[in-house]
Amino acid sequence: MASNPTPLPIEIVIIVNRLPGAISYDSLSSFNQYWNNLDPSERDDTWQFGPYANLIVDNTSPRDLNRQLIDSVVSQFSEYYTQFRNLISGISSLQTIFGGLGEQITGNQLLSKLDGMRAYITGRTYGNGYAGANYGDRFDIDFRELAHYMMYGQEGINYLLLHKVSHNTQTGLLTRSWMVNSYQDTIANNTASGAYAKGNEFFEGQEAYTNTIAKNIADAIGISISPLNVYSNWPPFGYRPL
């Protein structure tokens, strides 16, 4: 049986405040202690959000030669998103969800993050092994890569949406700061080169931590992000304990 392609990650475009020496911390929990003592302005701990009336925006050209395929992808994604909202509709606004490292997310906070996020479906390629770009309150994704996520059915889209939200939790922002700054330390020290992308240990570490946050949230609200029809590595970059 043929293997479904492993979906590509989405690049985080938001600039991280430079914190030299992050690579010297030997664990996320030890970096967390340092992070908690920083001035809030140094922590990158707020991103701007909607709310928006509609998550999905078709940002492709009306004259795109793949118009029929794009329309099909957008329509199918809309159906999966509607089902995702149905799955999470029973979350209590007061429910407590543990994202990781002791962070508590209320049901209301989770829903507000989802309501404040938009998906721009594009027709461009992003390079460096990326499927799109993450701007905090919106993520862009190439329609061909979105189709890869949908090959994994409802669970694939559940994963995509919760993974995006997880980047925007306090623990997600913490892991981004640690991994991006550790990567920048290696560049500054001339001990590594190349892009912060697939194949880089720090980028893949950030994605794995974020997967764990998404799994914690999914388990707490009772939905699956683990497709049954997986013939390749899932989720992309695996899990890493928090």
Side-chain angles (χ1 to χ4, degrees), residues 1-12 55-56 58 69-91 97-100 105 107 110-111 113-114 117-122 125-126 129-134 138-169 171-172 175 197-199 203-242:
M1 185 176 292
S3 170
N4 285 342
T6 301
L8 296 177
I10 294 176
E11 176 186 12
I12 294 181
L55 172 97
I56 302 167
D58 181 354
L69 175 58
I70 293 170
D71 288 345
S72 175
V73 168
V74 172
S75 175
Q76 188 178 4
F77 182 50
S78 297
E79 292 177 8
Y80 280 130
Y81 177 65
T82 298
Q83 180 60 23
F84 172 79
R85 294 301 303 217
N86 289 338
L87 289 169
I88 66 174
S89 62
I91 299 174
I97 301 162
F98 293 93
I105 306 163
L110 175 62
L111 292 172
K113 287 181 183 295
L114 285 166
M117 186 171 66
R118 258 188 165 172
Y120 278 70
I121 300 171
T122 73
T125 55
Y126 292 83
Y130 286 120
N134 185 346
R138 87 168 203 258
F139 65 90
D140 296 1
I141 186 167
D142 174 47
F143 73 90
R144 289 159 287 236
E145 296 300 331
L146 180 56
H148 288 165
Y149 279 93
M150 292 193 298
M151 287 181 179
Y152 294 90
Q154 184 66 52
E155 290 84 358
I157 297 305
N158 294 348
Y159 163 76
L160 172 64
L161 295 173
L162 288 184
H163 182 91
K164 293 301 105 193
V165 167
S166 295
H167 275 303
N168 303 338
T169 63
T171 308
T175 60
K198 185 177 180 181
F203 173 80
E204 295 192 359
Q206 178 189 348
E207 291 295 294
Y209 281 126
T210 306
N211 286 341
T212 301
I213 301 169
K215 181 71 162 56
N216 290 345
I217 294 173
D219 289 346
I221 63 179
I223 68 173
S224 174
I225 60 171
S226 301
L228 298 177
N229 62 331
V230 172
Y231 309 113
S232 58
N233 294 331
W234 187 271
F237 311 112
Y239 296 106
R240 185 174 292 190
L242 292 166

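The first residue in the sequence is number 1, and the count goes up from there. Values in this document were obtained by computation on a predicted structure and should not be read as measured data.
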Exercise for the section: Side-chain contact test, heavy atoms from C-beta onward, threshold under 4.5 Å: evaluate it for Leu110 versus Ile88 and give yes or no. Expected result: no
Practice task
Flag the pair Arg138 / Lys164 as yes when at least one side-chain heavy-atom distance between them is below 4.5 Å, and no otherwise.
Solution key: no
Practice task
Of all the heavy-atom pairs spanning Leu69 and Phe143, show the shortest one and how long it is.
Solution key: CD2-CE1, 3.8 Å
Problem - Taking every non-hydrogen atom, the tightest pair across Pro9 and Glu207 - result: CB-OE1, 3.8 Å
Problem - Heavy-atom donor-acceptor pair, Ser75 side chain to Asp71 backbone, under 3.5 Å - result: no
Practice task
Look at the rings of His163 and Tyr159 and say which category their plane angle falls in: under 30° parallel, 30 to 60° tilted, over 60° perpendicular.
Solution key: tilted
Handout entry: Leu161 vs Tyr149 side-chain heavy atoms within contact, under 4.5 Å
Key = no
Exercise for the section: Give a yes or no answer on whether the side chain of Asn211 reaches the backbone of Gly238 with a donor-acceptor pair at less than 3.5 Å. Expected result: yes
Practice task
Show the numbers, then the answer: is there a side chain to side chain contact (heavy atoms under 4.5 Å, CB included) between Phe237 and Phe203?
Solution key: CA-CA 10 Å; Phe237 311 112; Phe203 173 80; 4.0 Å; yes
Handout entry: Pro236 versus Thr6, closest heavy-atom pair with distance
Key = CG-CG2, 3.9 Å
Exercise for the section: Taking Glu204 for its side chain and Lys198 for its backbone only, find out whether a donor-acceptor pair lies under 3.5 Å. Expected result: no
Completion exercise
Shortest non-hydrogen pair, Gly99 vs Leu242, comes out as O-CD1, 3.5 Å
Problem - Stepwise side chain to side chain contact (heavy atoms under 4.5 Å, CB included) check, Tyr126 with Leu8 - result: CA-CA 10 Å; Tyr126 292 83; Leu8 296 177; over 6 Å; no
Practice task
Mark yes or no for whether Trp234, through its side chain, and Ile225, through its backbone, hold a donor-acceptor pair below 3.5 Å.
Solution key: yes
Fill in the blank from the handout: Correct closest heavy-atom pair for Ala119 and Phe77 would be CB-CE2, 4.0 Å
Problem - Matching residue for Leu146 among Thr122, Ile157, Val74 - test: side chain to side chain contact (heavy atoms under 4.5 Å, CB included) - result: Ile157
Practice task
Could you tell me whether the side chain of Arg240 reaches within less than 4.5 Å of the side chain of Thr175, counting heavy atoms only?
Solution key: no
Handout entry: Residue pair Gly156 / Pro227: nearest heavy atoms and the distance that separates them
Key = N-CG, 4.2 Å
Practice task
Please check if the side chain of Thr171 supplies one atom and the backbone of Gly100 the other of a donor-acceptor pair under 3.5 Å.
Solution key: yes
Handout entry: Heavy-atom side-chain proximity of Arg85 to Leu114 below 4.5 angstrom
Key = yes
Exercise for the section: Look at the side chain of Thr210 and the backbone N and O of Gly172, then say whether any donor-acceptor pair between them is shorter than 3.5 Å. Expected result: no
Exercise for the section: Give a yes or no on whether the backbone of Ala208 and the side-chain of Thr212 come within a donor-acceptor separation of less than 3.5 Å. Expected result: yes
Practice task
Check for a donor-acceptor pair, side chain of Gln154 on one end and backbone N or O of Tyr80 on the other, with a separation under 3.5 Å.
Solution key: yes
Practice task
State whether the side chain of Lys113 and the backbone N or O of Asn168 hold a donor-acceptor pair below 3.5 Å, judged by distance alone.
Solution key: yes
Completion exercise
Only one of Asp58, Asp140, Ile141 passes side chain to side chain contact (heavy atoms under 4.5 Å, CB included) with Tyr120, and that residue is Asp140
Exercise for the section: Spell out, as yes or no, whether a donor-acceptor pair under 3.5 Å connects the side chain of Ser89 to the backbone of Asn86. Expected result: yes
Exercise for the section: Could you walk me through whether Ile97 and Asn216 pass the side chain to side chain contact (heavy atoms under 4.5 Å, CB included) test, one step at a time? Expected result: CA-CA 8 Å; Ile97 301 162; Asn216 290 345; 5.9 Å; no
